[in-house]
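Numbering of ligands and ligand atoms starts at 1, following listing order.
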Amino acid sequence: MMKEVEIEKALTYMEPGPLVLVTTFDGQRNNVMTISWTMAIDFAQHITLTTGPWNHSFSTLLAERECVVCIPPAAMLKTAVRIGMVSGTEVDKFSEFGLKALPARTVKAPLVDGCIACLECKVTDYIDRYGFIILKVTRVVENPGCTDRRIIHAKGDGTFTADGESFNCRELMLEKLPPGL
Ligand SMILES: Cc1cc2nc3c(=O)[nH]c(=O)nc-3n(C[C@H](O)[C@H](O)[C@H](O)COP(=O)(O)O)c2cc1C
């Protein structure tokens, strides 16, 4: 038996992608924001973030046209939430949350130490109607020392899930897998 519920609940089932930390450098300071609206859009390393002018990071993203998308492990969930509750206009989030910035190679924004992986990215487009920032990944780094491999997923209602059991269906979809994966 199916039961109709509030339309807002659609989001909690469709919330895509990992919860990420997005770093920027405005020419003077590093900043970081939390983004749960993320999506991979093609096999050419284009990804999207949804954000807007209410965030300080947004103006830096459009001005500098680059960032780093970092994938925090489940152990960093509470820090990631706290990062998303304040603006870099009020605090230096790297020192406030004890984050260590590591140098990236293809962008000036920093990597965040302790994350599972970081994607250095250039901004290629901005679709203002939906707040889509389209990014092209220019370099990927992984952190083999990060033993917690659980990627976080936001449900949009203040609750989160972390990766658990994984299933290998590679045999079934071999012809659809891109080279290198
Ligand atoms: C769990 C969580 C998820 C968030 N997801 C988004 C998001 O997808 N898009 C967005 O614009 N803001 C999102 N935010 C809010 C921003 O992270 C927050 O406004 C940002 O940290 C502001 O920082 P800034 O002004 O220094 O850029 C989220 C916040 C939290 C706590």
Under a 3.5 Å distance rule, please check whether [X] uses its side chain to pair with a backbone N or O of [Y] as donor and acceptor.
| X | Y | value |
| --- | --- | --- |
| D128 | G131 | no |
| K108 | E66 | no |
| K93 | I83 | yes |

Is any N or O atom of [X], backbone or side chain, closer than 3.5 Å to an N or O atom of ligand 1?
| X | answer |
| --- | --- |
| I83 | yes |
| L19 | no |
| T89 | no |

| task | Go through the steps for I133 and T51 under the test side-chain contact (heavy atoms from CB on, under 4.5 Å), then give the verdict. | result | CA-CA 7 Å; I133 303 251; T51 186; 3.9 Å; yes

Sub-4.0 Å atoms of ligand 1 with respect to non-hydrogen atoms of [X]:
| X | result |
| --- | --- |
| T51 | 10 (C), 11 (O) |
| G88 | 24 (P), 25 (O), 26 (O) |
| S87 | 23 (O), 24 (P), 25 (O), 26 (O) |
| N31 | 24 (P), 26 (O), 27 (O) |
| W37 | 8 (O) |
| H56 | 24 (P), 25 (O), 26 (O), 27 (O) |
| F160 | 1 (C) |

| query | V86 near ligand 1, heavy-atom distance under 4.0 Å? | reply | yes

| request: State if R82 counts as touching ligand 1 under the rule of any non-hydrogen atom under 4.0 Å. | output: no

| field | Verdict with reasoning, L49 to W37, per side-chain contact (heavy atoms from CB on, under 4.5 Å) | value | CA-CA 6 Å; L49 307 174; W37 286 332; over 6 Å; no

Which segment of [X] sits under 4.0 Å of ligand 1 when only heavy atoms are counted:
| X | value |
| --- | --- |
| F58 | neither |
| L49 | neither |
| T38 | neither |

To check your reading of the model: name the closest protein heavy atom to [atom], its residue, and the distance in Å.
| atom | value |
| --- | --- |
| atom 21 (O) of ligand 1 | K93 NZ, 3.0 Å |
| atom 9 (N) of ligand 1 | T50 O, 2.9 Å |
| atom 31 (C) of ligand 1 | V81 O, 3.5 Å |
| atom 19 (O) of ligand 1 | N55 OD1, 2.5 Å |
| atom 27 (O) of ligand 1 | S57 OG, 2.5 Å |
| atom 15 (C) of ligand 1 | G84 O, 3.7 Å |
| atom 3 (C) of ligand 1 | S36 OG, 3.6 Å |
| atom 4 (C) of ligand 1 | T34 O, 3.5 Å |

| said: Please enumerate all residues that pass side-chain hydrogen bond (donor to acceptor under 3.5 Å, both in side chains) together with T124, with sequence neighbours excluded. | reply: none

| note | Contacts of R150 meeting side-chain hydrogen bond (donor to acceptor under 3.5 Å, both in side chains) (sequence neighbours excluded), chain-then-number -> D148

Spell out, yes or no, whether [X] and [Y] are grouped together once hydrophobic residues are joined by side-chain heavy atoms under 4.5 Å, including indirect joins.
| X | Y | answer |
| --- | --- | --- |
| V137 | V107 | no |
| I134 | V22 | no |
| M39 | Y130 | yes |

| query | Would you say the side-chain atoms of S57 and N55 include a donor-acceptor pair closer than 3.5 Å? | reply | no

| task | Determine whether the side chains of T60 and T24 contain a donor N or O and an acceptor N or O closer than 3.5 Å. | result | no

| field | Distance, nearest 0.5 Å, that separates NE2 of H46 from CG of D125 | value | 7.5 Å

| Can you check side-chain contact (heavy atoms from CB on, under 4.5 Å) on V69 and I35, steps first, answer last? | CA-CA 9 Å; V69 174; I35 293 229; over 6 Å; no

